[in-house]
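Along the sequence shown, residues carry numbers from 1.
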Amino acid sequence: MNRTADDDPDLLEHVLLPVANEADARATARELEPYHPGHVTALHVVEKGGGVPDKTPVEQSEQLAEDSFAAVRTVFPDADEHTAYARDVAGAIFDAADDVGATAIAYRSRGGNRIMQFLSGDLSLKLVTQADRPVIALPRVESEE
């Protein structure tokens, strides 16, 4: 069967927006805003240690998530929120997209040099090569950092 654009929902009908922290959430939401998504769900992934201590205490991670969600709501007041706890951040993003019924995943590269990207598993590469739905790479405006 040949698929056409009419067979698929609007790309921006429901966008999953992974965010790392308050500043990232605000900047990422601002970059998505001009595209006028129908609905936004902000996602914060709490990285679990997997047999080693977690990177941050759970309470601190949950506060980071709440601050991030509040920052997204300054741009998208009706945004939903979703928190995931996982070792594999990309996998958690894909699972969350399924859970909330997202039509696309929009993200803003966190930057960093190639060594940092290699050590972190290059999340951007995983997002664009392993996703089962469209992934939108938003512009990164350096003056917002």
Side-chain angles (χ1 to χ4, degrees), residues 1-52 54-56 58 61-62 64-145:
M1 176 170 110
N2 291 335
R3 293 179 59 129
T4 67
D6 294 332
D7 295 332
D8 294 321
D10 180 17
L11 176 70
L12 297 175
E13 182 180 322
H14 186 174
V15 176
L16 181 69
L17 193 68
V19 294
N21 56 49
E22 184 178 359
D24 173 64
R26 186 172 293 106
T28 303
R30 285 180 185 154
E31 291 301 325
L32 178 61
E33 184 180 28
Y35 300 98
H36 307 288
H39 187 71
V40 172
T41 296
L43 168 67
H44 180 79
V45 179
V46 176
E47 290 186 71
K48 300 301 288 175
V52 298
D54 294 339
K55 292 185 175 187
T56 57
V58 173
S61 295
E62 290 174 347
L64 185 62
E66 286 303 317
D67 294 345
S68 298
F69 298 148
V72 169
R73 283 197 198 94
T74 65
V75 179
F76 299 107
D78 297 328
D80 287 334
E81 60 186 56
H82 191 87
T83 303
Y85 299 83
R87 287 184 60 199
D88 175 14
V89 175
I93 292 170
F94 300 146
D95 289 346
D98 285 340
D99 291 347
V100 304
T103 55
I105 300 166
Y107 80 101
R108 201 174 63 102
S109 171
R110 306 294 185 261
N113 62 36
R114 293 301 302 160
I115 292 173
M116 287 306 296
Q117 290 178 2
F118 174 75
L119 292 174
S120 69
D122 202 350
L123 179 60
S124 294
L125 180 61
K126 287 180 182 178
L127 285 176
V128 298
T129 61
Q130 297 176 11
D132 64 351
R133 70 198 72 228
V135 175
I136 303 163
L138 298 167
R140 183 174 181 80
V141 179
E142 294 303 324
S143 63
E144 293 177 348
E145 301 305 312

Do V89 and E47 pass the side-chain contact (heavy atoms from CB on, under 4.5 Å) test, and can you show the C-alpha distance, the side-chain angles, and the key distance before you say yes or no?
CA-CA 7 Å; V89 175; E47 290 186 71; 3.4 Å; yes
What's the separation between atom NZ in K126 and atom CD1 in I93, rounded to the nearest 0.5 Å?
10.0 Å
Distance-only check: which donor-acceptor pairs under 3.5 Å involve side-chain atoms of residues 67-78, not counting sequence neighbours?
unit_1: D67; atom_1: OD1; unit_2: Q63; atom_2: NE2; d: 2.8
unit_1: S68; atom_1: OG; unit_2: N21; atom_2: O; d: 3.4
unit_1: S68; atom_1: OG; unit_2: E22; atom_2: N; d: 3.4
unit_1: S68; atom_1: OG; unit_2: L64; atom_2: O; d: 2.8
unit_1: R73; atom_1: NE; unit_2: A79; atom_2: O; d: 3.4
unit_1: R73; atom_1: NH2; unit_2: E81; atom_2: OE1; d: 2.4
unit_1: T74; atom_1: OG1; unit_2: A71; atom_2: O; d: 2.6

Tell me the ring-ring contact (aromatic ring centres under 6.0 Å, His included) pairs involving residues 24-48, sequence neighbours left out?
H14-H39
Considering all heavy atoms, the nearest L16-A97 contact:
CD2-N, 3.6 Å
Between V40 and L32, is any pair of side-chain heavy atoms under 4.5 Å apart?
yes
Is Y107 close to L43 at the side-chain level, that is, under 4.5 Å between some pair of heavy atoms?
no
Suppose we screen for side chain to side chain donor-acceptor pair (under 3.5 Å). Which residues come up paired with D98, at least two apart in sequence or across chains?
R133
For T103 and P134, work out which heavy atoms get closest and say how close.
O-CD, 3.4 Å
What one should report as the nearest heavy-atom pair of D24 and P18 is OD2-O, 4.3 Å
